[in-house]
Amino acid sequence: MSIDATARVHPSAVVEDGAHIGPGTTVGPFSLIGARVRLGAGVVVKSHAVVTGDTDVGDETAIFPGAVIGEIPQDLKFKGEATRLVIGKRNRIREGVTMNTGTEGGGGLTRVGDDCLFMTGAHVAHDAIVGDRVIVANQGAIAGHCVIEDDVIIGGLSGIHQWVRIGRGAIIGAVTMVTNDVIPYGLVQGPRGQLDGLNLVGLKRKGVSREDITALRAAFQMLAQGEGAFADRARRLRDETASAYVREIVDFILADSDRHFLTPER
């Protein structure tokens, strides 16, 4: 066990032999820190939280009461193999959130980036890769093997099907089931998620230029109404556009994927 002299561990907390508690970190009452857990500097683990498994928690991340972080995957194929969970810096992991370690068949690693917010009851399953500045609202669930790129927002009570990729800057509305890949900056909503447009509010908040937003809107229209298959339309866009944002969408569409795409309604 390694507990920095500046860390504060409540007497009722359980810190198992082998755990590493970084400088300035706080572990609240009745929390459990497992033997293979490494908490960075300035981490806050509030009361009644569990951090277990082979889990790294980055600096200044806060874990709220009732969260269970680093437990084994909810996968019947898991047989106790050595897998990990890595969480970046400055994340806010609210009450009742669950995050699982990976599986051998999925690469053995679940990873969460920096500056994310996981609201009450959110779930990150085995082998998911979550980027930076992602927001998952209350009771949102990310299934196994998903890739959630930077700046994505997932609405409350929404579910992301296993193996789905969600491109950077996309937004998923509340109470939405997403079963196929979502292009960068896409707007998805409805009980069975449909690609209804672009995340224009998010683009404007990020300060994206009017010229790029105009190019993205034109690209979306071409993807929705152009001739040929969806991938063929994307290839034509690749040849015609000068916008880096549009190229990002094209590259996302033409990359390897285990799922189909949510496509714009004609």
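Since this is a predicted model, take the numbers as computed values, not measurements.
Side-chain contact, Thr101 with Arg84: no donor N or O sits under 3.5 Å from an acceptor N or O. When only modelled atom types and interatomic distance are considered, Thr98 and His123 share a side-chain donor-acceptor pair under 3.5 Å. For Asp127 and Thr103, the side-chain atoms include at least one donor-acceptor pair closer than 3.5 Å. Side-chain contact of Asp196 with Gln189: a donor-acceptor pair under 3.5 Å is present, judged by distance alone.
Ion pairing between a basic and an acidic side chain is recognised when a charged N comes within 4.0 Å of a carboxylate O; Lys89 and Asp114 show no such pairing. The residues Arg168 and Asp150 are annotated as not salt-bridged, no charged nitrogen and carboxylate oxygen being separated by less than 4.0 angstrom. Comment: Asp239 does not engage Arg236 in a salt bridge, judged by the lack of any side-chain N to carboxylate O separation of less than 4.0 angstrom.
At distances below 3.5 Å, not a single donor-acceptor pair connects side-chain atoms of Thr61 with backbone N or O atoms of Val57.
Annotation: cation-pi pair Arg165/Phe252 present, NZ/CZ under 6.0 Å from the ring centroid and within 45° of its normal.
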Exercise for the section: Under the salt bridge (Lys or Arg N to Asp or Glu O under 4.0 Å) rule, what do Asp181 and Arg259 come out as? Steps first, then yes or no, please. Expected result: CA-CA 6 Å; Asp181 290 355; Arg259 308 292 298 178; 5.8 Å; no
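None of His10, Arg8, Lys46 except one satisfies the side-chain hydrogen bond (donor to acceptor under 3.5 Å, both in side chains) rule with Thr26; the exception is Arg8.
Taking a 6.0 Å sphere around CZ of Arg111, one finds it holds 12 or fewer heavy atoms contributed by other residues, nucleotides or ligands.
Note on Phe220: it clusters hydrophobically with Val246, by side-chain heavy-atom contacts below 4.5 Å among ILVMFWY residues.
Under the 30°/60° scheme for interplanar angles, the aromatic rings of His145 and His126 are found to stand perpendicular.
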